[in-house]
Amino acid sequence: MKDTRIKLLKISARIFSRKGYSGTSVRDIVNAAHVNVSAIAYYFGGKRELFFETIRFLLEKHRKQIWGNYTPDITPKQLENYSYKQALNLLHRMFDKLLDNGLSRKNVSLERIFTQVELESASMRKMLLEYMAPFHDTPYKLLSLMTGLPEKSPELLCVAHSIFGRVMLSETHRLAIEHRLGITKNYSAALRAKIKQTVWAHTLAILNLYKKGSKLK
């Protein structure tokens with residue numbers, strides 16, 4: 001039974017990423033999985049529940065790619081006791097794994113699902129972003145600690161997404177790099193290292209501008 005559920009989630013990820021939520025039917029998924037339509041109701045309840053379970057499945061896969069079997073469960077109180085260097089090291093480790101995932105195209109389904117949702121439904125976009133909110137908590141807390149900016153301030157949010165926009169290396173920007181450099185398959189170890197070095201240097205530059213106690217000109 002567990003195998004059937006995982007199979008449905010994998011197939012759903014592929015189809016939702018290609019056709020979007022509105023363009024995907026339950027029939028599309030069960031036909032591709034070669035299971036009875038009742039399997040969706042049995043394992044998930046319905047299409048909407050399956051969609052969010054698919055997102056959860058992809059995010060959990062993404063989490064394991066970043067942290068392996070260890071996920072830092074950092075409480076706000078623990079984070080308050082972090083030194084700047086400890087916070088920076090944790091952020092660097094996170095970014096290193098995120099870039100590895102981006103360059104290896106490991107999260108293409110998740111990226112495309114987000115793109116599809118952005119295009120097709122304001123209400124679905126709102127639900128998806130509300131669902132995603134807890135996954136941003138640790139990065140926001142880390143950056144708030146390092147900059148002194150309040151977590152919910154517009155300035156902190158701009159800093160966070162200016163940084164993460166570079167680190168996530170979305171499909172559009174990845175394709176542009178590959179086209180310009182004539183890459184058709186895999187990135188060399190040297191090019192991976194150069195991209196990581198460049199992204200981290202830009203991250204440090206942004207953080208230095210906002211480092212707690214500094215005065216922006």
Rounded to the nearest 0.5 Å, the CD1 atom of Ile177 sits from the CD1 atom of Ile183 at a distance of 7.5 Å
Taking Leu204's backbone N and O only, do any of them form a donor-acceptor pair with Asn208's side chain (distance below 3.5 Å, no angle check)? yes
Does Leu143 belong to the same Ile/Leu/Val/Met/Phe/Trp/Tyr cluster as Leu209, with side-chain heavy atoms less than 4.5 Å apart forming each link? yes
CA sep, side-chain torsions, deciding dist, call: Leu90, Tyr82, side chain to side chain contact (heavy atoms under 4.5 Å, CB included): CA-CA 10 Å; Leu90 181 58; Tyr82 265 44; 4.2 Å; yes
Can you confirm whether Asn36 sits close enough to Tyr42 that some side-chain heavy atom of one is under 4.5 Å from a side-chain heavy atom of the other? no
Taking C-beta and beyond as the side chain, do Leu103 and Asn186 meet within less than 4.5 Å on heavy atoms? no
Is any side-chain heavy atom of Tyr43 closer than 4.5 Å to a side-chain heavy atom of Leu50? no
Roughly how far, to the nearest 0.5 Å, is the OG atom of Ser25 from the NZ atom of Lys19? 6.0 Å
Between Tyr210 and Glu155, is the side chain to side chain contact (heavy atoms under 4.5 Å, CB included) condition met? List the steps. CA-CA 10 Å; Tyr210 288 88; Glu155 196 170 20; 3.2 Å; yes
Could you grab the distance from atom CD1 of Ile206 to atom CD1 of Ile163, nearest 0.5 Å is fine? 5.0 Å
Would a hydrophobic clustering, with Ile, Leu, Val, Met, Phe, Trp and Tyr connected at side-chain separations under 4.5 Å, put Ile113 with Leu175? no
Please step through side chain to side chain contact (heavy atoms under 4.5 Å, CB included) for the pair Val30 and Arg27, ending with a clear verdict. CA-CA 5 Å; Val30 297; Arg27 183 65 63 182; 4.3 Å; yes
Look only at the side chain of Ser12 and the backbone of Leu8, and say whether a donor-acceptor pair between them is shorter than 3.5 Å. yes
Would a 4.5 Å heavy-atom cut-off, applied to side chains only, mark Arg192 and Asp100 as touching? yes
For Asp96 against Lys196, the heavy-atom pair lying closest together: OD1-NZ, 2.9 Å
Gap between atom CD1 of Ile29 and atom CZ of Arg14 - 0.5 Å precision: 10.0 Å
Taking ring-ring contact (aromatic ring centres under 6.0 Å, His included) as the definition, give me every residue that meets it alongside Phe95, ordered by chain and number, with sequence neighbours left out. Phe164, Trp200
Residue that, paired with Glu53, satisfies salt bridge (Lys or Arg N to Asp or Glu O under 4.0 Å) out of Arg48, Lys10, Arg5: Arg5
Hey, are the side chains of Glu178 and Tyr187 touching, using non-hydrogen atoms and a 4.5 Å cut-off? yes
Please report the closest heavy-atom contact between Asp28 and Gly23, naming both atoms and the distance. OD2-O, 3.8 Å
What's the separation between atom CG in Leu98 and atom CG in Leu91, rounded to the nearest 0.5 Å? 9.5 Å
Nearest 0.5 Å, please: how far is NE2 in His34 from CD1 in Ile11? 7.0 Å
Within-4.5 Å side-chain heavy-atom neighbours: Ser162 and Val159: no
Mind running side chain to side chain contact (heavy atoms under 4.5 Å, CB included) on Tyr140 and Leu145 for me, showing each step along the way? CA-CA 9 Å; Tyr140 288 162; Leu145 170 73; over 6 Å; no
Does Lys47 qualify as a cation-pi partner of Tyr21, given the criterion of NZ or CZ under 6.0 Å from the six-membered ring centre and within 45 degrees of its axis? yes
